Structure formats: structure tokens, C-alpha cells
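Here's the structure we're looking at; comments come further down.
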Amino acid sequence: MCQKDKENLATVYGPKQVENRLYERWRQRGYFRAGATADAGTTAGAAGGSAAGSAAGTLAGVTAGAAAAGAAADAGTTAGAAGDSRERFAIVMPPPNVTGSLHLGHAMDETEQDILTRWRRMQGRDVLWLPGTDHAGIATQAKVEEKLAQEGKSKYDLGREEFLRQVWQWKDQYHDRIARQLGTLGCSCDWGRERFTLDEGCSRAVREVFVTLYEKNLIYQGDYLVNWCPKCRTTISDIEVEHENESGFLWHIRYPVKGEPGCFAVVATTRPETMLGDTAVAVHPEDARYADLVGKTVILPLLNREIPIIADRMVDPAFGTGAVKITPAHDINDFETGLRHGLAQITVLDENARMTELAGPYAGLDRYAARERIVADLTALGLLEKIEDHQHAVGHCYRCDTVVEPRISRQWFVKMRPLAAPAIQAVKDGRLRFVPARFAKVYLNWMENVRDWCVSRQLWWGHRIPVWYCGDCGAAICRRETPAICPECGRPNLKQDPDVLDTWFSSGLWPFSTLGWPENTADLRAYYPTSVLVTGRDIIFFWVARMAFLGLEFMGEVPFRDVLIHGLILDSQGRKMSKSLGNGIDPIELIDAYGADTLRFTLMTGTTPGNDLRFQRERLEATRNFCNKIWNASRFTLMNLAAAETGAGAEAGAEAGARAGTGTGAETDADADADAGTETGASGNAGEAGTGIAAGGETGAEACAGGQLALADRWITSRFHRCALEVTASLEAYDLGAAAQRVYEFLWDELCDWYIELIKPRLYGKETPASRALAQRTLTETLRGTLSLLHPFMPFITEELWQHLPHEGETIMLTPWPAGDPALLDEKAEAAMGLVMETVKAARNLRSQFNIGPGKKADLILLTDDPGIAGDLAICQGYIAHLAAAGHITLGDSRRERPRQAATAVVSGVEIFLPLAGLVDMAAEAARLKKEAEKIKGETRALEGKLANGAFLAKAPAEVIAKEEAKLADARYRLAALEARLTMLED
RNA sequence: GGGCGGUUAGCUCAGCCGGGAGAGCGCUUGCCUUACAAGCAAGAUGUCGGCGGUUCGAUCCCGUCACCGCCCACCA
């Protein structure tokens, strides 16, 4: 056949079209809705013996919360609905910012959530995955301002109202884009419950929280030194400041001591321009060098202002000169020192980081220009003692990267200590669990050292602070509802605080504000606390911590049980993806090229929970190939079902055969043209071999005549259930990568490479019809089960293929999760197949070494002295012959004469001979075997040494010793066999 | 200055409770074998960063050093 006739994924699947179609269908049929799967036509519970909570079927009726959309209030009818006894599973989606589009990090985050929700849904739980977006105050505002700037306008030209109107437009545009992207990724979230941090319900929650905290004295207003971004012209919180190490200078400046000419206090500073705001010089109280200076006065150069020399323990005598200039208005340490000593605060930098009037001759200069001028002027005055190179951390705005300026201003703060305590406790006593656990430490360290949270922002886009000031009596009024008149003086002259809240204030309420709080809604009762929060390790402080303490404060309970933290996605060189580097990758572009399933699966594998992922395109190709493998395995299955004489038979078999793996169940439906050759076994002891496997011929399939599964069928069934058990366990442990990898290996290595190859003769009708029917049935069942295991990871291709296979129900999404049944594990079948596989591999190896092409049959002689193995070989010789392309297989024990002209291999318990009349260079063969023997000798010696070691025998556990003994016995066997062969060759 | 992660095949990374060193890609050889050449079969490749320690036994546990990366931090 010519290559162009072959079929691969790309030629037929057309991922994009298929994906769009399937997603629309899922969505329209309401499969994503929480509390409503009952009427979605699920078959859950029907066949799914082990599937939990199968009760879904009957509890119809409850209409999902489609109507609950925007306004939180009463999604009432939905989930809490009495009588739905299914266990619940809830995730609120970390709301993407409406600043732009989703990046690869989002794709990873959403994929993890989708996997968990799809899996839990298949397990029969009532699943809520609530989507939404974040208004992202400063970030979005900056984007829109940027856009305006390109048009040559500023927000002030528009005014607050018009500006906000434009931001809403922006929001709509990007919201839609994000929603589309989530769909493209396959996210099975409940769109009927979608929320936005600035929608009516969330805004109400924000106000409720602010006012309540205010009333509890946990929010206060005050003049403090805060982080100020001169570009964004707003405050930012401590965690919004990014410290970067930069090389700068340490200027040593002489401050003349008053009344003592020639006497100086030399201070060292990294920011000479702030000296204009100095109100003291500080030294350590025990610093002998300066003991007699304390209490004296120095003249502040340039301004000639008199300031005191004070003693304070904050000074490190070992640093710089041991004397520090104190600028309370522009440095956090100095601010605090100033408070201790009652020093004045002189603000010399304004909101644009220009020098103020108080800076005298420098007024109006930018901070850096002022720095240059001041250094020059000091030099001219001979007051600059020296300049040292100096490394120090400089704070930058996390949004615009501008150097942050500490600045005194009146702001609103949340008192953190009382709120942090319960949030610390919750993690310590395990009510809130981090996965991986190490992130708990990061969280605790922050929470234990947290400072009050500055929540006011000088922005327009966000939740307005619910405080009004009376223009007449000056009262400040904090209210849930907008007041009409001043409650103090009764006049209507009220003006609302112009500031808005930190964007994280509203996202901190996300797990309950989205469920309808402060109303006591059914959704809130049903789904709070949520099951798990999935997010990146970069926002543990920003978001996870805030949700934790706000949830505890307002709901009295943690907002989620588990926090699943994943790493960041790095580029192929290990750098963080960022806009400035231009190394970001658009997930949609990747999906267009490879399909959503491929992207999802790739993001889930090749990393460990919590660790960063270095992204490489080559890995996408590998996954794409896996998709192709799935496609073709399914195509193969379908082709062979269609070829079945009745078709109906195949389907009937498929239906009934699901649980037939016990080996007894299906007796009736296969027509019994019984015993073709129950005793074809070669060596005498075959029949009753310890394995208990029914005897067989060609591919061991004659067992099927009695309606029993052949060895291969039992083997793959056992392997499948083992796989399902392990995959389920990995998912329970949130090890999504391990789960994905496990199915990958099962499908490719075991189902495709071995099972499908094994049953081809049966499928092609070379054996009995019963045998063929059972092979078809087992293959179909196993494939369908594997698709189910794969579905959470690759929703589209699995759905598409599932629809083509014989199936029940409407969608694979709602079929019972194959948890794996320990009762169907079949150690004997696995052991027997293990022997087959080992033997086949050895035989293939020989063929390969002696260049026997695949088309060429070659006989095999298999010798063993072990009766158990002999029995298995007898049963399996059909398999071996088929897979190793052997013409005739001769079985025997070592009394049988070994062929002279033959290549040899030895595996555990079996000698394998490939007779090659005239083809074997006996000398070369001897050399090859000798080398092999040497290797085994090494193994043997090592094992013997170990087993002769008294300490080992005395202290190692019995099973380890037994294992080592078995290994030694095996090695000795192989060695003896090789040596016997060698002696023979040398004769 | 603290804390965390990493160091395993040429590359990217898995390796749970200590006993077998692994996967994918790449590489070598042979194959268009009636599901798949995006494939099949057979191979090669490692001081598991260094040094100590614990142990019958260490890639795994402990200590220490080195290098890479990240986070936190008010030493001007």
C-alpha cells in the first residue's frame, strides 16, 4: 500500500471544527450545569457498578441556574435543592483579568480545573465550576489610558463618567474574547453562573464587607507612609512592590555641626535628594564615636535648616558611617523613627515624584534631576566626602515597573493582625491544605509577618469606597446604602470618597460573593466551602491569602479545602514569559496548530506539581502523535466491528461484555462449537499448568469456544483495571501529570503494541467466530474505558471517538468513571503474558541480530524445565508464534537435544533457539554468548555477595531477601544455560 | 540577610514508603507487516552535582559545599 492512502488525525479529524461543534453541543445540552445533571440524559448509575452516587437519574426537575446569571441573589432553585444527595464538588475559577487575552499560564490553570471537574462529574458528583472575570483595577485602567494616550487624550479630558464608560466597553470586548478562549480550551464551566468582580452582586458584597469591617474597627483611615507609583499616580500595597537589586551609590555627606566649625556629622545615603526633607540625624545610642554629638544640632546643607542629632537603636553602627539622615516623609524606617522622636515630616516629593516647594531652589525638578544637582552642589561646597558603589534593593511598581516612591498620604487600611490569626490557624490545623504542602510555609511566613493592608487606590476603575464626607459638618459616613443626607447635620451636602478599592479586595470575596453572598442562597449553602482552588504560585499572597482570611471572617469557614498550586510556564530557555521579553505564546495559536487536546495534555505532562514547566514545541508534536495513536486505535477497532458478520453481534457483545472479565460471565452468548483442540499442548504437563489457564492453540483463543475470555483478553482487562485504579489514585492525589502519563503508557504500550497485535488473527476471522466476538468485545470495552480515563484530559477527541463506538447515553462526559475493579486484576494472566512478552522480545532480538526480515518466518525452539512455565508456554505458543513471526514452535525440556545450527537467547526460565541452518557463524555466535555470559556472571557475583552477607541476611526484610534469591536463581539459570550452549558450540 | 526549588541519558524531565536507573524527543539498525511512517521492531547512551555521614544496602534520609533559578526582607 502506498503511503498516501494511510490515514492520520489531520486528514480527517479537523480538530478545530470538531471541537467547536462538540463544545457547543455540550453547552447547549446543559452538561456543564451544576445541580442539574439529572435531566441531561446521563446514564450514570446505570451500568456503573462502582461509580459513586449513581442516584442522579431520577432527581430531575430542578432547573439549572441559567437565569441566575448576573445578579447573584437567588440562584435559589438550583443546587441546594433538597433531595439531591450527590456529593458536591465545587471550584470557582480564578477570574482572568479583562485586560487582554489568556496566556499559556491560564491554559494550564484552566486545564487543571477542567480535568478535576470532568473527572468528578464522571464520578457522579454534583459539580460546580463557576467561571468569571476580574475587573483588574489598575491593570485595566492602565490599558485604557494607554489606548487614550495613543489618541492623544488623557482620562481627564474625558472625565470620570465617560472614562468609565470606555473601560466598560473595553471590558465587554475582552470578556467576550476570554470566554471564547475558555470554550476553545474545552472548559466545562457553568456559564449560567458566570460572574464579574464588578457586577451588581459582587459590588454589593464588597460594600457589605467594607462596612462591616469598618464597623468592627478593622478598617481605618490614616496618614501613613505608603508605596506610591508616580506613573500610575496611585498607592499600591506592599506586595505590589517588586524589589530588584540594583547597583547604585552610597554618598557620604558632611552635615556641619552647629557652632563647631570644621566638625561634621557624616551621613551615608543612597538618595541624596531626600536630604531636603531631613529632620534629624540619627546615631546608635551606644556608638562611642558619636556619643558627644547626640543632642547637638547640625546644619542641613543647601537649605541651612537646623536639625537635631538623635540616638536610636535602629541605626546599625557598622553600616556606612554609623550616622543616618532621617527623612520621615520619604523612607519607611525614617518614618517610624520620626514617630518615636516626634520629628516633623517634610514632604519634598510630590505625586509625580517632582520636588515640592519645600525643596527650595530644587522645587519642580524631577527626583533624578534633583539628585544630580544636589550631588553637584554638595561637591562644590566640599561637603561630599566620598562616593561608594553600592548594591541595594529598589522597589518597582509591579504594573508599570516605575520606581516606587514612599509617600505620606491619607489612605484606608485593613487591620491585618486580627484577621490573619484565624487564617494561620486554619492552615496549621489542616482545614486548609496546600498541595504541594511546601507552599503552606510560604503562606504562613507571609501571614505571620503581614502588615496592614492599604486598600484605597487613586483610580477610577473599581469599587468606590463606600464613605461619604459631609461638606458642611465634616462628618465621614460609612454606609451600605448611599446616604441622601448627612446623619450628623442633616444636610445633603455629601461627597463620596473619590478613591476605589484595591482590586484584590473584591477578588478576595470571590468564593462566596459569586455564590450569592450576602444573601443566604441555595448555591451558597450547597457549594461553600468550595472543594479546591487551583492557581499559580505567584499569587499566593495577592489572592489565596486574602480569600482565606476574608472567607474565615465572613463565612466562618475556609473558602476551599485544598489549594492546588502549579508552577509557572517558562520559555524553552527557562525564562519567565513576559511581554517585555516578547517570549509569550498565545495558546490559541497552539490550539489552531495542534488541537486543544494536544495542548492540554502537553501542559499536564512533563512536570511535577508545583514545579515550573519549560515549554517546548517538540513536546506538542509528541502529544499530537499520541492523539493520532488514539485515533487510529479507535479506527482499527471500528473497522473490525464493521467487519463482523452481523454487526449486531458485535454490539450486543459489547454491551453485555462490559463486566465479563471475570472469565465466567459470558458463557451463554457465544455459540459453542466447543473443543477444537483442548489438548494441543506440546509437552505433557501443559494441561494442568499451575496458571489455571485453559489450554489453547493458535493464539490461545480456543478458550473462547466456551464463551471464556482468552488469556490475552483477561490480561488486557486486568491491565486496564490496574491502570484505572492507579489513574484514579493519582487524581485523588492531584497528581494530574502522573495520571495522564499512566493512561498514555497503557494505551500505547499495552493496548496498541501488544493487545491489538495479539488479537489480529482472531479479528480477521482466522479462528472461531466466538473467539472473534470476544476479541471484538474486549477490545471495544477496553478502548471505551480508556477513552473515559482520557476524557478529562482530552475531552474532544475522546467524545468524538466515543460517539462512533457502540455506546449508551449521549455523551462520554456523563458516563461513569472507570475507577478500576480490584476483583478483575488477574495476576496469573499477567504473569503468563509477561512470559510471552519476554520470550517474544528475545526472539525478535535474535531475528533482528541475524537480519531476518519481518516477512520471513523462522521456527523457534523453546526449552524449559519448569513445569509451570512449560504449561504457560504450551498455552501461549500461538501468541508467541504470531508476535515473533515464528513458523513452527517446538516446545520441550532440557532433555531434548539442543539444535546445533541456531542462535540462542535465554530469558527467565526459557531457552530460546532460532534454528538457522548455515546462517550462523558459530565463532561469532560463541563470542556473542560469551559476552552475554560475562554480564550475567557479574550479576551473579553481586547477588551471591549480597546473599552471603550475614548483616544483610540478618537485617533485611524477608521479602527483599526472597526477591534477591529469586534473582540469583534466575541469573544462575540463565548463566548455566548459556554455558551449556557454549560448551556445545565449542565441541 | 532569611526561605524555597533545582542539579538524573545529547535535550526536556519522571522517579511514591531507601533494595530494578526510567520516559519523551534526538541518535543507530531493519521494516511502507491489510489501524497508525505522526508508525512498527530491535538497539546504544548515565561517577543520579562534589564531599562526608546514617544503613545490611543511598538517586532517595542527614550534614556540608558548589552552581542555577525563584520568593521574602525597612540596613540608610
Side-chain angles (χ1 to χ4, degrees), chain A residues 1-3 5-10 225 239 243 250 267-271 274 282 314-316 318-321 323-327 331-337 390 392-393 395 406 436 438-439 441-442 445-446 449 537-538 540-541 567-568 570 572 574-576 605-608 610-616 618-619 621-640 729-730 733 735 737-738 741 744-745 752-753 756-757 760 764 841 844-849 851-855 885 946 949-957 959-961 963-964 967:
Chain A
M1 175 177 279
C2 162
Q3 203 167 302
D5 296 334
K6 309 246 173 156
E7 191 166 288
N8 68 35
L9 199 62
L225 195 73
I239 44 176
H243 295 275
L250 200 52
V267 300
T269 181
T270 54
R271 301 203 57 196
T274 63
M314 61 78 73
V315 180
D316 174 4
F319 186 87
T321 61
V324 190
K325 61 192 265 316
I326 302 295
T327 322
D331 181 279
I332 182 65
N333 271 321
D334 296 1
F335 178 78
E336 283 162 9
T337 307
H390 185 60
H392 62 145
R438 70 183 132 94
F439 289 107
K441 208 169 163 180
V442 177
N445 181 52
W446 184 76
N449 298 295
R537 56 155 225 256
D538 50 333
I540 292 176
F541 307 139
L568 276 29
L570 310 176
S572 60
R575 301 172 306 180
K576 222 187 249 188
T605 50
T607 187
T608 313
N611 283 4
D612 292 347
L613 172 69
R614 198 178 287 215
F615 191 81
Q616 301 183 117
E618 299 76 56
R619 295 195 50 246
E621 284 167 29
T623 310
R624 190 262 328 259
N625 293 352
F626 176 56
C627 287
N628 192 39
K629 196 70 180 175
I630 301 168
W631 180 266
N632 275 298
S634 303
R635 203 164 62 92
F636 175 82
T637 303
L638 286 166
M639 282 168 58
N640 285 290
S730 290
D735 197 345
Q741 193 61 35
Y744 178 103
E745 284 162 9
C752 291
D753 287 350
I756 286 184
E757 292 308 321
K760 275 180 177 171
Y764 295 158
K841 277 188 207 163
R844 283 170 173 170
N845 187 339
L846 287 180
R847 291 173 59 99
S848 173
Q849 290 197 40
N851 274 320
I852 300 170
K946 205 169 190 179
N949 181 344
F952 173 73
L953 294 173
K955 299 193 177 175
E959 69 254 33
V960 171
I961 296 175
K963 205 170 144 192
E964 297 297 312
K967 266 154 65 180

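Each chain gets a letter, A, B and so on, in the order the sequences are listed, and its residues count up from 1. Here the structure is a predicted model, which is why all the values come from computation and not from measurement.
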In B/S/- notation (B base, S sugar-phosphate only, - none; protein heavy atoms under 4.0 Å), nucleotides 40-46 of chain B written 5' to 3' is SSSS---

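- Under the salt bridge (charged side-chain N to carboxylate O under 4.0 Å, His left out) criterion, Glu757(A) pairs with Lys760(A), not counting sequence neighbours.
- The separation between Glu618(A) atom CD and rC27(B) atom C1' is 16 Å, rounded to whole Å.
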Provide a list of protein-nucleic acid N or O atom pairs under 3.5 angstrom, restricted to nucleotides 71-76 of chain B.
| unit_1 | atom_1 | unit_2 | atom_2 | d |
| --- | --- | --- | --- | --- |
| rC71(B) | OP1 | Lys576(A) | NZ | 3.3 |
| rC74(B) | OP1 | Arg451(A) | NH1 | 3.3 |
| rC74(B) | O2' | Asn333(A) | ND2 | 2.7 |
| rC74(B) | O2 | Asn333(A) | OD1 | 2.2 |
| rC74(B) | O2 | Asn333(A) | ND2 | 2.7 |
| rC75(B) | O2 | Asp316(A) | OD2 | 2.8 |
| rC75(B) | N3 | Asp316(A) | OD2 | 3.1 |
| rA76(B) | O2' | Ala268(A) | O | 3.3 |
| rA76(B) | N6 | Asp316(A) | O | 2.7 |
| rA76(B) | N6 | Phe319(A) | O | 3.0 |
| rA76(B) | N1 | Asp316(A) | N | 3.1 |

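- Atom CZ in Phe615(A) sits about 16 Å away from atom P in rC25(B), given to the nearest Å.
- The side chain to side chain contact (heavy atoms under 4.5 Å, CB included) check on Ala738(A) picks up Ser730(A), Asp735(A), with sequence neighbours excluded.
- Proximity of Arg614(A) to the phosphate of rU12(B): a side-chain N or O atom is located under 4.0 Å from OP1 or OP2.
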If the sugar-phosphate is the primed atoms plus P, OP1 and OP2 and the base is the rest, what is the B/S/- string for nucleotides 55-63 of chain B, using protein heavy atoms under 4.0 Å? -B-------

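- Looking at heavy-atom distances under 4.0 Å, Ile756(A) makes contact with a base.
- Here Phe952(A) pairs with nothing under the ring pair (Phe, Tyr, Trp, His ring centres under 6.0 Å) rule; sequence neighbours left out.
- A side-chain donor-acceptor contact under 3.5 Å links Asn632(A) to the backbone of Asn628(A).
- Checked by atom type and distance alone, the side chain of Arg844(A) never pairs as donor or acceptor with a backbone atom of Ala885(A) at under 3.5 Å.
- Remark: Phe541(A) engages Trp446(A) in a ring pair (Phe, Tyr, Trp, His ring centres under 6.0 Å) (not counting sequence neighbours).
- Atom CG of Asn640(A) and atom P of rA35(B) are 7 Å apart (whole Å).
- Contact check, Asn632(A) against rG39(B): no side-chain N or O comes under 4.0 Å of OP1 or OP2.
- Between rU8(B) and rG49(B), the distance separating the two P atoms is 6 Å to the nearest Å.
- If you take atom P in rA38(B) and the same atom in rU33(B), they sit 14 Å apart, rounded to whole Å.
- For Lys441(A), no side-chain nitrogen or oxygen approaches OP1 or OP2 of rG3(B) to under 4.0 Å.
- Here Asn611(A) pairs with Arg438(A), Thr607(A), Thr608(A) under the side chain to side chain contact (heavy atoms under 4.5 Å, CB included) rule; sequence neighbours left out.
- Using a 4.0 Å heavy-atom distance criterion, Ala622(A) is classed as a sugar-phosphate-only contact.
- When each of Phe636(A) and Glu964(A) is assigned the nucleotide of RNA chain B with its nearest heavy atom, Glu964(A) is the one assigned upstream, toward the 5' end.
- Using a 3.5 Å distance cut-off with no hydrogens or angles, the side chains of Glu621(A) and Asn625(A) do not pair a donor with an acceptor.
- Distance, Ile852(A) CD1 to rC31(B) P: 14 Å, rounded to whole Å.
- For the atom pair CG of Leu568(A) and CG of Leu613(A), the computed distance is 10.0 Å after rounding to the nearest 0.5 Å.
- Across the protein-nucleic acid pair, Leu570(A) atom CG and rC13(B) atom P stand 8 Å apart, rounded to whole Å.
- Straight-line distance between the P atoms of rA58(B) and rA21(B): roughly 13 Å, to the nearest whole Å.
- Between rA14(B) and Asn611(A), a contact under 4.0 Å exists linking OP1 or OP2 to a side-chain N or O.
- Nucleotides rC60(B) and rC17(B) are separated by 11 Å at their C1' atoms, to the nearest Å.
- Distances shown here put every side-chain N or O of Tyr764(A) at or beyond 4.0 Å from the OP1 or OP2 atom of rU33(B).
- Asn845(A) places no side-chain N or O within 3.5 Å of a backbone atom of Lys841(A) that could act as its donor or acceptor partner.
- The residue Ser634(A) sits apart from the nucleic acid: no heavy atom pair falls under 4.0 Å.
- Considering only residues two or more places apart in sequence or on other chains, Ala729(A) meets the side chain to side chain contact (heavy atoms under 4.5 Å, CB included) condition with none of them.
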Let me have RNA chain B in dot-bracket notation, would you? Count Watson-Crick plus G-U wobble pairs, both distances under 3.5 Å, and use [ ] for pairs crossing earlier ones and | for inter-strand partners. (((((((..((((.....[..)))).(((((.......))))).....(((((..]....))))))))))))....

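- Every side chain to side chain contact (heavy atoms under 4.5 Å, CB included) that Ala323(A) has, sequence neighbours left out, goes to Val267(A), Val281(A), Val283(A), Tyr290(A), Thr321(A).
- Nearest nucleotide to the Gln741(A) side chain, out of rG6(B), rA23(B), rG15(B): rA23(B).
- Residues passing the ring pair (Phe, Tyr, Trp, His ring centres under 6.0 Å) test with His390(A) are Phe319(A), His392(A), sequence neighbours excluded.
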